Amino acid sequence: MSHRLPAAVRAAALLAACLAFPGAEAATSGQRHVVLVTLDGVRVQELFGGMDPVIADAPAADSGIYDMAVTKGRWWRETPAARREALMPFFWKTLVPAGILLGNQEKGSKVTVRNDQWFSYPGYSEMMTGEPHSEVKSNDFVRYPHRTVLEHAREALGLEHAEVAQIGSWDGLKYAASSRDGAFFMNGGRDAVPAGLSTPEIDLYVDLRRQVQQFWEETTSDVLTYRIAREYLRKNRPRVTWIGIGQSDDWAHARRYDLVLDYLHIADGLLADLWQTLQSMEPYRGRTTLIVTTDHGRGRTPADWAEHDAGIQGSQDIWIAIIGPDTPATGEARNVAGVTQGTVAATMLQHLGLDWKAFNPDAAPPVAGSYEAPR
Ligand SMILES: [Zn+2]
């Protein structure tokens, strides 16, 4: 039996579908929005393979797993495919099939940082400017003079201050986001949100974020940061948003592999909630590209998985997922070489309909095959 229909019938069916589901129509027209989510220091091993046997089977002193039976019950499955789906079900069953994911080296898809530092600020700087900068050598809270993709997007699109937003659990993100103070809305780990942009709910989350204790002093609760970002999206409808969370890095530095895994499952739930929120409201429904990535990898061995930095092999390995109305449903990329962290900037601009070369001709180009212009 043939399912082929004459072109006119197919066109009529498509029109009917568009009338019935406004989102289907929105997917092919309308102003574009971009949300970048960064998860700090998430290794390719967990992202592509779930619970890593190299760490899980190491002595407890290396993995830091408190109760092996509990952790294996939660996250161990026989195959890497089953393990990653158990750990991050929304990411693997919903996001990846609808978009493109790069970084699985077993499939010939490698994504690396180009900076030679292999820790946070140099990585975020590379994403925000499209290329590494040799003077960025510490996580100190200082601004560098390099214009960022967020500054460029605001100017090129003529956006209001509140329409470009950076919200994160760590103050370093606020500095990496812009070459100057006040270029757009920026929110550090313990900052309040100004009254005109806030809501009682946001104020409550800000207050809680200052009180909830963290393992390390310099970061705040990702769940609360996410809630602030979600309410900010609802109230202020930014065109370009960067949400930066990172307890993955905190638990790893604390050498608690069990809590790293538990956290990744929580982060997957935040991504699910974010995507559902975006698809449930205007102007985001069907018009928003979500980019999810990490600033650096970590060591590959039981001895050094908890750390990262120049010289710790594995710290350079990262991954990037792109999902949205203009990205073909490719799933896991195969045999895509030479993708570097700086691609984030050009990819954001491309999905906003902007010319990335006008921002920085030396920026890493967008990922080939990740974008089809709307018709
Ligand atoms: Zn770190």
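Ligands are counted one by one from 1 in listed order, and the atoms in each one are counted from 1 as well. Remember, it's a predicted structure, so these values are computed and weren't measured experimentally.
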dist Leu173:CG -> Met127:CE (nearest 0.5 Å) comes out at 9.0 Å
Pair Tyr371 and His351, ring centroids less than 6.0 Å apart
yes
Side chain to side chain contact (heavy atoms under 4.5 Å, CB included) filter on Glu307, not counting sequence neighbours, yields His253, Ile312
Residues passing the ring pair (Phe, Tyr, Trp, His ring centres under 6.0 Å) test with Trp305, sequence neighbours excluded, are Tyr257
Using only heavy-atom distances, determine whether the side chains of Asp317 and Gln105 contain a donor-acceptor pair under 3.5 Å.
yes
For the Zn ion (ligand 1), report each protein N, O or S atom nearer than 2.8 Å, sorted by chain and then by residue number.
Asp249 OD1, Asp249 OD2, His253 NE2, His308 NE2
Partner set under ring pair (Phe, Tyr, Trp, His ring centres under 6.0 Å) for Tyr205, not counting sequence neighbours
none
